[in-house]
Amino acid sequence: MSNGNPSLRDKTLAILKPDCVRKNLIGKVIAHIQETGFKINAMKMVKLTPDAAKGFYEVHSERPFFNDLIAYMTSGPCVPIALEKENAVEEFRKLIGATEPQKAAEGTIRKLYADSIQENIVHGSDSDENAAKEISHFFPRKELLEINGF
Ligand code: GDP
């Protein structure tokens with residue numbers, strides 16, 4: 001990002017999941033994200049349809065918790081956010097902590113706010129390739145606004 005031209009490695013997708021919205025934690029979690037140096041390229045609030053949630057989590061379709069995961073992700077609105085920071089995927093995974101909140105490191109978003117392995121407040125892409133796919137799942141290119149370009 002040093003030349004002001006973010007690369008693939010500088011992008012990730014966050015989703016503030018339905019439990020985050022329900023618990024009125026949108027502001028706190030976004031503050032935490034911004035305080036860690038991430039820039040927001042795009043953000044919206046949406047309610048996923050079952051088909052959209054199944055498409056997003058297709059990789060987990062054979063897992064025993066898949067139906068519960070889809071029910072949870074469609075249980076209310078969520079907030080997808082396209083984020084930018086150097087080495088974004090790895091940095092954001094560090095910030096959110098382990099999938100299971102009890103195992104998440106102190107100070108991470110999941111450790112601070114999550115209730116269970118399923119209701120864990122926030123999604124973060126797990127690779128640069130998935131980040132690109134997941135960002136395009138929610139945001140057409142023209143909606144991605146690179147703050148540093150302003
Ligand atoms: P993540 O990358 O840390 O979000 O974890 P995964 O990609 O492994 O799983 C995706 C999401 O499925 C998690 O964030 C949880 O919401 C949910 N999940 C993962 N493992 C379990 C599980 O063992 N049980 C249940 N009920 N949900 C799970």
Side-chain angles (χ1 to χ4, degrees), residues 1 6-141 143-144 146:
M1 213 170 67
S7 75
L8 187 62
R9 290 182 68 246
D10 296 330
K11 309 276 189 176
T12 194
L13 182 83
I15 304 177
L16 310 188
K17 294 179 173 184
D19 54 326
C20 180
V21 176
R22 235 178 337 261
K23 290 161 86 176
N24 290 330
L25 289 170
I26 294 174
K28 281 195 172 137
V29 173
I30 290 177
H32 202 124
I33 292 169
Q34 290 187 303
E35 281 157 12
T36 318
F38 287 89
K39 302 288 182 197
I40 294 173
N41 288 170
M43 177 165 78
K44 60 173 90 167
M45 184 147 79
V46 292
K47 188 163 186 291
L48 294 178
T49 63
D51 281 349
K54 285 177 192 165
F56 189 81
Y57 278 120
E58 198 181 358
V59 59
H60 292 311
S61 60
E62 302 301 319
R63 308 286 289 275
F65 58 83
F66 185 65
N67 288 343
D68 289 342
L69 175 60
I70 300 309
Y72 157 56
M73 288 302 293
T74 57
S75 66
C78 63
V79 179
I81 310 175
L83 292 171
E84 178 189 324
K85 187 184 183 185
E86 202 171 334
N87 207 9
V89 166
E90 197 183 326
E91 289 294 305
F92 195 68
R93 297 289 303 192
K94 248 192 264 169
L95 176 66
I96 67 178
T99 310
E100 192 172 351
Q102 295 92 323
K103 293 186 183 159
E106 288 301 327
T108 58
I109 291 172
R110 284 169 167 170
K111 180 72 172 188
L112 285 168
Y113 301 119
D115 287 335
S116 69
I117 191 166
Q118 178 172 283
E119 305 229 343
N120 60 5
I121 298 284
V122 64
H123 166 84
S125 307
D126 65 1
S127 68
D128 293 333
E129 193 191 352
N130 283 340
K133 273 192 219 153
E134 291 176 3
I135 289 169
S136 66
H137 190 98
F138 288 104
F139 302 105
R141 186 173 269 277
E143 287 183 20
L144 294 165
E146 280 154 10

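Predicted model, so just to flag it, every value in this text is computed and none were measured. In each ligand, atom 1 is the first atom listed, and ligand 1 is the first ligand listed.
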* Parallel under 30°, tilted from 30 to 60°, perpendicular over 60°: which one fits the rings of Phe65 and His60? -> tilted

* To do: Tell me yes or no: between the side chains of Asp19 and Tyr113, is some donor less than 3.5 Å from an acceptor?
  => no

* Please determine if Gln118 has a nitrogen or oxygen closer than 3.5 Å to a nitrogen or oxygen of ligand 1. => yes

* Does Lys44 reach the main-chain N or O of Phe138 with its side chain, forming a donor-acceptor pair under 3.5 Å? -> yes

With a 4.0 Å heavy-atom cut-off (strictly under), which part of [X] contacts ligand 1: side chain, backbone, both or neither?
{"X": "Arg93", "result": "side chain"}
{"X": "Ile117", "result": "both"}
{"X": "Leu69", "result": "side chain"}

* Can you find a heavy atom in the side chain of Arg63 that is under 4.5 Å from one in the side chain of Tyr57? -> no

* Are the side chains of Ile33 and Ile109 in touch, meaning some heavy atoms are under 4.5 Å apart? -> yes

* So is Glu100 close enough to ligand 1, meaning a heavy atom under 4.0 angstrom away? -> no

* Sub-4.0 Å heavy-atom contact, Lys17 with ligand 1 -> yes

* Using heavy-atom distances, let me know which of Arg110, Glu119, His123 sits nearest atom 4 (O) of ligand 1. => Arg110

* **Per-atom contacts of ligand 1 with Asn120, taking only distances under 4.0 Å to non-hydrogen atoms** => 13 (C), 14 (O), 15 (C), 16 (O)

* Asked: What atoms in ligand 1 come closer than 4.0 Å to a heavy atom of Tyr57?
  -> 10 (C)

Which residue and heavy atom of the protein sit nearest [atom], plus the separation:
{"atom": "atom 22 (C) of ligand 1", "value": "Phe65 CD2, 3.4 Å"}
{"atom": "atom 7 (O) of ligand 1", "value": "His60 NE2, 3.0 Å"}
{"atom": "atom 5 (O) of ligand 1", "value": "Thr99 OG1, 3.3 Å"}

* What is the minimum heavy-atom distance between Phe139 and Ala82, and which atoms define it? -> CE1-N, 3.8 Å

* **Salt-bridge criterion met for Lys39 and Glu84 (N-O under 4.0 Å)** => no

* Asked: Ion pair present between Glu91 and Lys94, side-chain N to carboxylate O less than 4.0 angstrom?
  -> yes

